[in-house]
Engineer: 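Structure incoming, see below.
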Amino acid sequence: MTDTPHGTVLSFPGTASRAAETDATGRMPSPNWTEIIDSGYLRLFHPESSGGSGADGLTQLAAMEALARACPGSYWTATVSGLLCGKLISRYSRPSEYDRLLKPLISGEKLACFAIVEPPAGSDAGTYTTTVRPAGAPGEGFVINGEKAKITNAPDADVAVTLARRQKAPGDEGHDWCLAFVDLNQPGVRRYETPRMGLRGMPWGGIVFTEATVSEADVVPVPFGELAGELAELMAWGWLLISVSAIAIAESALDASVRYAGERVSFGRPLAHMEGVQTQLAESRAQIDAARVLARRAVTELAAGRSAREAIAMLKIYATEMAVEVAARAVQIHGAAGVTRGHEVERLYRDAQMNVIGGFTSNRLRETVAESLGLGPAVYRPFDWVAPAGLGTDPAGFDGLTRPAGAVPA
């Protein structure tokens with residue numbers, strides 16, 4: 001740990017030393033989880049009244065980046081559970097259930113996942129089909145059916161914060177959607193792992209619910225408008241999580257590049273003395289610092305209880321795509337070594353690609369940013385781009401004749 005003007009910054013030397021092993025085996029070593037728990041990392045994001053430490057925003061941000069620098073996969077596992085799922089539970093569950101649902105996540109006793117995406121639907125919540133329905137008479141609880149896919153921590157989690165539709169009993173005029181806090185260690189739950197190119201230390205896969213039970217207290221009806229509003233504000237923490245991961249990966253890739261450029265001699269001089277390499281390193285330094293400034297602005301707003309959704313949407317777009325660029329430069333600077341399986345920058349390049357897709361993709365987030373400019377939501381209508389431009393026929397063929405579009409020469 002290091003003392004700074006903003007408090008104590010956590011460090012994770014053991015986790016960092018095992019990063020290559022974590023990637024090679026595709027599993028987070030148990031000592032990583034122990035180090036994360038002992039550091040107090042999971043407690044940073046919650047007030048003391050809930051069992052947390054109530055850290056300020058900049059302290060949280062520094063700790064997040066420190067863990068992501070040590071091992072991006074381990075960072076995702078811990079932060080999705082302790083921060084994202086923890087905040088969803090603290091917002092939507094009953095305070096009387098905190099001891100059962102929230103405190104085990106803060107202590108590290110249990111692991112959580114946010115089960116939202118479904119196999120054919122991606123991030124389009126309107127097409128989700130997972131359902132929760134009453135198990136019997138009022139007070140007898142609920143059952144859940146459906147499948148969630150591409151979920152961080154799904155193979156290992158103890159509880160899933162699950163977005164589902166409500167199959168309502170006659171006379172139930174309540175909301176059509178709910179969040180269900182589902183115990184995953186029960187009959188009726190099957191988990192599977194999905195192979196992936198990066199973040200291999202992060203458990204990632206799917207959950208199939210078949211008549212799994214959910215208690216009465218663990219089903220919280222939520223209006224769809226709130227899902228698009230307040231829940232979206234909470235989801236901004238998820239975008240921040242991803243953005244910090246990207247910044248940390250880029251910083252690690254730059255560090256590796258600077259070290260290598262100073263050591264590697266080519267054509268009689270170190271790579272660091274070559275103008276082209278210096279330009280690449282300087283560009284990476286500027287991009288990383290720009291992303292970090294936006295991250296600090298966003299987390300300060302979040303910690304103060306103000307909306308930072310648009311700022312974090314911009315951050316995720318910029319930081320995740322920037323990290324891919326920086327990692328690609330690192331691979332180029334390292335040459336053949338950079339594309340060798342198991343090399344640090346090869347691993348970082350694969351990890352960087354995962355962050356672009358995680359959460360909302362960049363294209364969808366660009367629409368969100370455009371909406372914040374007052375343009376309104378993107379609207380798609382059928383439009384004939386061809387006929388008005390006079391392009392309804394193919395240009396002259398080799399025989400000098402024009403043909404209707406799609407026609408095949410005799």
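For clarity, every value in this text was computed on a predicted model and none was experimentally measured.
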Engineer: On a heavy-atom basis, which atom in A250 and which in V326 lie closest, and how many Å separate them?
Structural biologist: O-CG1, 3.5 Å

Engineer: Given 3.5 Å as the limit, does a donor-acceptor pair link the side chain of D183 with the main chain of V159, or not?
Structural biologist: no

Engineer: Rounded at 0.5 Å granularity, tell me how far CG in L271 sits from OH in Y260.
Structural biologist: 6.5 Å

Engineer: Looking at T59 and A55, would you say the former's side chain and the latter's main chain have a donor-acceptor pair under 3.5 Å?
Structural biologist: no

Engineer: Should L240 and V244 be marked as a side-chain contact (heavy atoms from CB on, under 4.5 Å) after you check the CA-CA gap, both sets of side-chain angles, and the distance that decides it?
Structural biologist: CA-CA 6 Å; L240 178 65; V244 173; 4.2 Å; yes

Engineer: Please name the pair of heavy atoms, one in A352 and one in A327, separated by the smallest distance, quoted to 0.1 Å.
Structural biologist: CB-CB, 4.4 Å

Engineer: Evaluate whether atom CD of E275 has more than 12 neighbouring non-hydrogen atoms of other residues, nucleotides or ligands under 6.0 angstrom away.
Structural biologist: no

Engineer: Tell me whether E211 is salt-bridged to R133, with the criterion being a basic N under 4.0 Å from an acidic carboxylate O.
Structural biologist: yes

Engineer: To the closest 0.5 Å, what do you measure between CG (L105) and CZ (F45)?
Structural biologist: 12.5 Å

Engineer: Keeping the roles fixed (side chain from H46, backbone from G82), state whether a donor-acceptor pair exists under 3.5 Å.
Structural biologist: yes

Engineer: How close do I106 and G51 get, counting heavy atoms only, and between which atoms?
Structural biologist: CG2-O, 3.6 Å

Engineer: Are S107 and I37 close enough that some pair of their side-chain heavy atoms sits under 4.5 Å apart?
Structural biologist: no

Engineer: Checking C113 against L184 for the side-chain contact (heavy atoms from CB on, under 4.5 Å) test, could you report, in this order, the C-alpha distance in whole Å, the side-chain angles of both residues, the deciding distance, and whether it holds?
Structural biologist: CA-CA 10 Å; C113 65; L184 298 180; 4.1 Å; yes

Engineer: Any donor-acceptor pair under 3.5 Å linking the side chain of K316 with the backbone of V356?
Structural biologist: yes

Engineer: If the threshold is 4.0 Å, N to carboxylate O, is there a salt bridge linking D156 and R27?
Structural biologist: yes

Engineer: Between T152 and F114, does a side-chain contact (heavy atoms from CB on, under 4.5 Å) hold up when you go through it step by step?
Structural biologist: CA-CA 7 Å; T152 297; F114 185 27; over 6 Å; no

Engineer: Measuring from N363:CG to T368:OG1, what's the distance to the nearest 0.5 Å?
Structural biologist: 11.0 Å

Engineer: Would you call the rings of Y41 and F12 parallel, tilted or perpendicular, where under 30° means parallel and over 60° means perpendicular?
Structural biologist: perpendicular

Engineer: With a 3.5 Å cut-off and no angle check, do the side chains of S53 and E48 form a donor-acceptor pair?
Structural biologist: no

Engineer: Does the pair V369 and E310 meet the rule for a side-chain contact (heavy atoms from CB on, under 4.5 Å), with working shown?
Structural biologist: CA-CA 6 Å; V369 173; E310 285 76 22; 5.8 Å; no

Engineer: If I compare all heavy atoms of V80 with all of L241, which pair ends up nearest, and what's the gap?
Structural biologist: N-CD1, 3.6 Å

Engineer: So, do L101 and D218 sit near enough that their side-chain heavy atoms are less than 4.5 Å apart?
Structural biologist: yes

Engineer: If we only count heavy atoms from C-beta on, is the I89 to V161 side-chain gap below 4.5 Å?
Structural biologist: yes

Engineer: Should R165 and T131 be marked as a side chain to side chain donor-acceptor pair (under 3.5 Å) after you check the CA-CA gap, both sets of side-chain angles, and the distance that decides it?
Structural biologist: CA-CA 5 Å; R165 295 178 182 268; T131 58; over 6 Å; no

Engineer: When you measure from the side chain of E346 to the backbone N and O of G342, does any donor-acceptor pair fall under 3.5 Å?
Structural biologist: yes

Engineer: Is a side-chain donor or acceptor of E35 paired with a backbone partner of T15 at a separation under 3.5 angstrom?
Structural biologist: yes

Engineer: Do R43 side-chain atoms and G54 backbone N/O form a donor-acceptor pair below 3.5 Å?
Structural biologist: no

Engineer: Under a 4.0 Å threshold between the charged nitrogen and the carboxylate oxygen, would R285 count as salt-bridged to D289?
Structural biologist: yes

Engineer: With salt bridge (charged side-chain N to carboxylate O under 4.0 Å, His left out) as the test, would you mind laying out the steps for R259 and E344 before giving the verdict?
Structural biologist: CA-CA 12 Å; R259 289 196 308 270; E344 179 184 8; 3.1 Å; yes

Engineer: List for me each residue that meets ring pair (Phe, Tyr, Trp, His ring centres under 6.0 Å) alongside Y318, sequence neighbours excluded, and say none if there are none.
Structural biologist: none

Engineer: Taking the six-membered ring of W237 as reference, does the cationic atom of K87 (NZ for Lys, CZ for Arg) lie under 6.0 Å from its centre and within 45° of its axis?
Structural biologist: yes

Engineer: Out of curiosity, W76 CH2 to L199 CG, how far, rounded to the nearest 0.5 Å?
Structural biologist: 6.5 Å

Engineer: Please determine if E118 and K148 form a salt bridge, counting it only when a charged side-chain N lies under 4.0 Å from a carboxylate O.
Structural biologist: yes

Engineer: Rounded to the nearest 0.5 Å, how far does CZ of R166 lie from SG of C178?
Structural biologist: 6.5 Å

Engineer: Between A330 and V345, which heavy-atom pair has the shortest distance, and what is it?
Structural biologist: CB-CG1, 3.9 Å

Engineer: Determine yes or no for a side-chain-to-main-chain donor-acceptor pair under 3.5 angstrom, with E193 supplying the side chain and G205 the backbone.
Structural biologist: no

Engineer: Taking the side chain as every heavy atom from C-beta outward, state whether N32 and S74 have any pair of such atoms under 4.5 Å apart.
Structural biologist: yes

Engineer: Ion pair present between E301 and R297, side-chain N to carboxylate O less than 4.0 angstrom?
Structural biologist: no

Engineer: Do P270 and R264 make a side-chain contact, defined as non-hydrogen atoms from C-beta onward lying under 4.5 Å apart?
Structural biologist: no

Engineer: Would you call R191-E147 a salt bridge at under 4.0 Å N-O?
Structural biologist: no

Engineer: Taking NZ, NE, NH1 and NH2 as the nitrogens, is one of them in E65 or R292 under 4.0 Å from a carboxylate oxygen of the other?
Structural biologist: yes

Engineer: Check this for me, if you would: do K103 and E97 make a salt bridge, where the nitrogen-to-carboxylate-oxygen distance has to be below 4.0 angstrom?
Structural biologist: no

Engineer: Does the R364 side chain pair with the main chain of S362, one donor and one acceptor, at a distance under 3.5 Å?
Structural biologist: no

Engineer: Indicate yes or no: at least one non-hydrogen side-chain atom of V189 is less than 4.5 angstrom from one of V208.
Structural biologist: no

Engineer: Closest approach of S81 and K110, non-hydrogen atoms and distance?
Structural biologist: OG-O, 4.1 Å

Engineer: Less than 4.5 Å apart, any side-chain heavy atom of T162 and any of L179?
Structural biologist: no

Engineer: Using side-chain heavy atoms (C-beta onward) and a distance below 4.5 Å, is T130 in contact with L163?
Structural biologist: no

Engineer: Looking at R18 and E21, does any basic side-chain N land under 4.0 Å from a carboxylate oxygen?
Structural biologist: no

Engineer: One thing to verify: whether R200 and D351 come together as a salt bridge, which I'm taking to mean a side-chain N less than 4.0 angstrom from a carboxylate O.
Structural biologist: no

Engineer: For the pair E325 and R329, find out whether any cationic side-chain nitrogen is under 4.0 Å from an anionic carboxylate oxygen.
Structural biologist: yes

Engineer: Does Q353 use its side chain to pair, donor to acceptor, with the backbone of V324 at less than 3.5 Å?
Structural biologist: no

Engineer: Rounded to the nearest 0.5 Å, how far apart are CD1 of I151 and OH of Y192?
Structural biologist: 8.5 Å

